[in-house]
Amino acid sequence: SQKIEQNSEALNIQEGKTATLTCNYTNYSPAYLQWYRQDPGRGPVFLLLIRENEKEKRKERLKVTFDTTLKQSLFHITASQPADSATYLCALEAGRRALTFGSGTRLQVQP
Amino acid sequence: EPEVTQTPSHQVTQMGQEVILRCVPISNHLYFYWYRQILGQKVEFLVSFYNNEISEKSEIFDDQFSVERPDGSNFTLKIRSTKLEDSAMYFCASSFIDRENGYTFGSGTRLTVV
């Protein structure tokens, strides 16, 4: 069956460090992979999209990698700040418009 | 920045009653979606809508659910006969044809069925 796993239900890091979040998937061939941020009681907020033929994408302090051989995406936040504390969701799209979300990783950045 | 607007923010309804959740997507977006999130669980896809018809739906989106775009701005989700297990946060989202900017989600409607 298809599965998306986001390792580490919770991740605690010190301010200024790099946070690395993992998204692994099985039995998918996603054309696109997206990362979203979700704050408590709010809707997901789009951060980055990476396509299956792209290895890496950057946006300000964010970097996403996509390895279709390992079936894994890594999401990095450099120079992390307490304001980055949130749940981060990985979402796959296999060519249609329906996103399948992972369960998320809750990031806590300590000052 | 353009927003997806959802109303109401909270809705409490009796089991068996019909509810309509309303959304105003971003005006120049062409794809519209409904997702739901049961408390503590994943965000789950319900339905996508394009060119005035459903383009895809999940197993969750059974005969008790329907969607409509009654005019040029609103997009609604109707649950015909609510069950206790329909209690969840319901998110509307919209997107361009181009995926590069992802999907824009609303703040959600918290539906509680009692």
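Letters A, B, ... are given to chains in the order of the sequence lines, protein chains preceding strands, and every chain is numbered from 1.
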#### Entry: A:Y28 reachable from A:V64 in the ILVMFWY side-chain graph, under 4.5 Å edges
yes
### Query
Is it the side chain or the backbone of A:K57 that comes within 4.5 Å of chain B heavy atoms, both, or neither?
side chain
### Summary
In terms of heavy-atom pairs under 4.5 Å with chain B, the winner among A:L99, A:L47, A:L89 is A:L99
### Message
So for B:Y103, is it side chain, backbone, both, or neither that comes closer than 4.5 Å to the heavy atoms of chain A?
### Response
both
### Query
Do the side chains of B:V43 and A:Q38 get nearer than 4.5 Å, heavy atoms only?
yes
### Query
Side chain, backbone, both or neither: which part of B:Q37 has a non-hydrogen atom closer than 4.5 Å to chain A?
side chain
### Task
Kindly give the heavy-atom pair with the smallest separation between B:K42 and A:I4, and that separation in Å.
NZ-O, 3.9 Å
### Query
Nearest 0.5 Å, what's the CD-OH distance between B:E100 and A:Y32?
9.0 Å
#### Entry: Which atoms of B:Y35 approach chain A - backbone, side chain, both or neither, heavy atom under 4.5 Å
side chain
### Query
Taking everything shown except A:R37 itself, do over 12 heavy atoms lie less than 6.0 Å from its CZ?
yes
### Query
What are the two closest heavy atoms between B:E56 and A:R97, and how far apart are they?
OE1-N, 3.6 Å
### Query
Nearest 0.5 Å, what's the CZ-CD distance between B:R99 and A:E93?
4.0 Å
### Task
Answer with yes or no after comparing the ring centroid distance for B:F105 and A:Y36 against a 6.0 Å cut-off, counting only values under it.
yes
#### Entry: Part of B:T104 lying under 4.5 Å from any heavy atom of chain A
neither
### Query
Checking B:S107 against chain A: side chain, backbone, both or neither under 4.5 Å from a heavy atom?
both
### Message
Count I, L, V, M, F, W, Y as connected when their side-chain heavy atoms are under 4.5 Å apart, and connections chain through other members. Are B:L30 and B:F75 then in the same cluster?
### Response
no
### Message
If you count every heavy atom of other residues, nucleotides or ligands that lies below 6.0 Å from B:R69 atom CZ, does the total exceed 12?
### Response
yes
### Task
Treat each ILVMFWY residue as a node, draw an edge where side-chain heavy atoms are under 4.5 Å apart, and state whether B:I26 and B:F32 are in one component.
no
### Single-linkage hydrophobic cluster B:L46~B:V113, side-chain heavy atoms < 4.5 angstrom
yes
### Task
Flag yes if more than 12 heavy atoms outside A:E9 fall under 6.0 Å of its CD atom; otherwise flag no.
no
### Message
Same cluster or not: B:L111 versus B:F61, using hydrophobic residues (I, L, V, M, F, W, Y) connected whenever any side-chain heavy atoms lie under 4.5 Å apart?
### Response
yes
### Task
Answer yes or no: does atom CG of B:L84 have more than 12 heavy-atom neighbours from other residues, nucleotides or ligands under 6.0 Å?
yes
